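Inspection log for the structure reproduced underneath, given as structure tokens.
Remember, predicted model here, so these are calculated numbers, not experimental data. Order of the sequence lines fixes the chain letters, A, B, ..., with proteins taken first and strands second; residue numbering starts at 1 for each chain.
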Amino acid sequence: MHVGTGRTALFNWLFARHTGGTFIVRIDDTDDERSDPLFEADILDGLRWLGLQWDEGIAVGGPHGSYRQSDRYPRYREAAEVLVAEGTAYPCFCTPAELDERRKQAEAVGRPPGYDGRCRTIEHSVATARRAAGETAAIRLAIARPGATEFTDLIRGEIRVEHDNLDDFVLLRSDGRPTYHLASTVDDVDYEITHVARGEDLLPSTPRHIQLTLALGAEVPIYAHIPLIHGTDGKRLSKRHGAKGVIEYREAGYLPEALANYLCLLGWSPGEDLTVFPLSLAIERFELSAVSKNPAVFDLAKLDWMNGEHVRALPPEEFMARAEPFIESGLGHELTPEQRSRFVELAPLVQERTKLLSEIASQVRFLFVDDVEFDADSWTKVMTAEAGPVLDAAVARLTELGDWTAAEIEASLRAMLDELGLNPRKGLQPLRVAVTGSTVSPPLFESMAVLGRDVTVQRLNTARSRLLG
RNA sequence: GGCCCCGUCGUCCAGCGGCCUAGGACGCUGGCCUUUCAAGCCGGAAACGCGGGUUCGAAUCCCGUCGGGGCUACCA
């Protein structure tokens, strides 16, 4: 599921929860080329991960049948035929090739490229006879002309479109499959949809859907068109921009509550300059009418920051639970109980420093391996000639140290710094690299405490010999 | 081209005729704190596209213009 779709779903969900309405999930799969059972699973996974439970629809059921459009083709066909019988729709015998040809001509002359309505004038009895004789036809809606459609969009206000700009669009393809317009409008009617909140790309289709709904003899729902999410080039966000699907954010180490929080901010704000907030607060305050009219650019840097905020807000046990899968996949094996308890000790310090859960594995790798892998840049930066005496002194002190606690280690090493006349940066960084493999790591004294005296001293010695050798 | 929508810092959001010398957040940046990295704290640069109206007064209302986006299929 695309993040733009995810945000649209989120706004629908917030609206339903805020108003006490019913959030329905249906699968629009009338386009064979772009539909696949895999897409359906991906969408449902994405919704579940974001925490957008639906009250009715696909996978959970409800009073209206299947909730998958490809299961409802007979229903759409029936609806189209009723309209033909009533005269508000008509069969069109033009072939796609002919239409294509005419469209090109129209464009060349600068005429509107829409369908010219020529089959509309075919006598009803004649058309019926031709179909009875086996001629295939698409079904088109006969738009009232002259005329205009007016409606009030919850986000955009009054919208008016002259029917001269609306062609008689196809309801049912000549092979009997419905178009998106027919299927979704019939569904909206059948499912008793009161509010349709969807992407702005569908704004131009709305007059068609309203005319169809009217022809169907049903009440027109209230529409709200949500602005699109753009990439940094101002174009509609797509894979080209490196945009990930909702589920990919999970794999990349994002928290669903962080993504949801960020998505809320794309086109909406809860007021009071609030930025970091739980979904429950969004439910309390959400109004479709308060959604911005402007397209929003997706800013990954802000999402990253937002994720850090949510990670830090996690209760410690929760942080552990979410971090573990990432550590294990980084390590390539499961954590032993002993390794897990080692991580638990350091976890609060790691949590403060975490932006993405996927970064944790490399941060704490040194806790779980037999031999640290030295980061090349870190090594050359701090393992200078001065580092040797520091390592020696540290080994001597730590071997003698009484209680192996972070506080004792710190006291001892600070005394060493005084003795050697070194500042912390000079004196501690070689130790950090020796013990963790990198100049960037969780706090040193605590790390040593967790590793234990033997491992710590052994690593200092290993670095010492490598420095000499 | 036609139709529709939109136009406040680089980005997201606030602003709904006087509270605006335009506010918050991310990012950027100077400093503090500091065992590294983060986090935190203090400070800084940074925007009402343009032109006309309306009004005592406009970021806020109207018109035009320019710019951006969407749609323009027997796709959704």
Does A/Arg7 use its side chain to pair, donor to acceptor, with the backbone of A/Val3 at less than 3.5 Å? no
Please report the distance, rounded to the nearest Å, between [atom1] in [X] and [atom2] in [N].
X        : N     : atom1 : atom2 : value
A/Glu200 : B/G70 : CD    : C1'   : 6 Å
A/Phe366 : B/C37 : CZ    : P     : 16 Å
A/Leu349 : B/U36 : CG    : P     : 14 Å
A/Tyr115 : B/G2  : OH    : P     : 25 Å
A/Met448 : B/U36 : CE    : P     : 14 Å
A/Asp187 : B/A76 : CG    : P     : 13 Å
A/Arg285 : B/A14 : CZ    : P     : 14 Å
A/Asp164 : B/G2  : CG    : P     : 15 Å

Does the side chain of A/His230 come under 3.5 Å of the side chain of A/Arg236 through a donor N or O and an acceptor N or O? no
May I ask you to check whether A/Tyr76 and A/Asp187 show a side-chain donor-acceptor distance below 3.5 Å? yes
To the side chain of [X], which of [options] is closest?
X        : options             : value
A/Ile159 : B/A38, B/G69, B/C4  : B/C4
A/Leu228 : B/G40, B/G70, B/A76 : B/G70
A/Arg353 : B/C37, B/G69, B/G23 : B/C37
A/Asn165 : B/C74, B/G70, B/C3  : B/C3

Look at [X] and [N] and indicate whether a side-chain polar atom (N or O) is within less than 4.0 Å of OP1 or OP2.
X        : N     : value
A/Arg177 : B/C74 : no
A/Ser378 : B/U36 : no
A/Arg236 : B/C71 : yes
A/Lys355 : B/A38 : no
A/Arg173 : B/A76 : yes

Side chains of [X] and [Y]: closer than 4.5 Å at any heavy-atom pair?
X        : Y        : result
A/Val170 : A/Arg140 : yes
A/Phe343 : A/Ile327 : yes
A/Asp167 : A/Arg208 : yes
A/Ser184 : A/Gln69  : yes

Can you tell me whether the side chain of [X] and the base of [N] have a donor-acceptor pair closer than 3.5 Å?
X        : N     : result
A/Thr179 : B/C74 : no
A/Arg432 : B/U35 : yes
A/Arg156 : B/C5  : no

Start at the 5' end of RNA chain B and walk down; is the nucleotide closest to A/Leu265 or to A/Glu158 reached first? A/Glu158
Please compare A/Leu203 and A/Tyr262 by the position of their nearest nucleotide in RNA chain B and report the one closer to 5'. A/Leu203
Can you tell me which residue among A/Tyr223, A/Tyr180, A/Phe169 is in a ring pair (Phe, Tyr, Trp, His ring centres under 6.0 Å) with A/His209? A/Tyr180
Can you tell which of A/Phe15, A/Trp13, A/Trp268, A/Phe277 makes a ring pair (Phe, Tyr, Trp, His ring centres under 6.0 Å) with A/Phe286? A/Trp268
Under 4.0 Å between any heavy atoms, over every strand shown, what does A/Val170 touch: base, sugar-phosphate, or nothing? Just pick one. sugar-phosphate
Under 4.0 angstrom, heavy atoms only, what part of the nucleic acid is A/Cys92 near: base, sugar-phosphate, or nothing? nothing
Those residues of residues 287-306 of chain A lying under 4.0 Å from RNA chain B by at least one heavy atom: A/Ser292, A/Lys293, A/Asn294, A/Pro295, A/Ala296, A/Val297, A/Asp299, A/Ala301, A/Lys302, A/Trp305
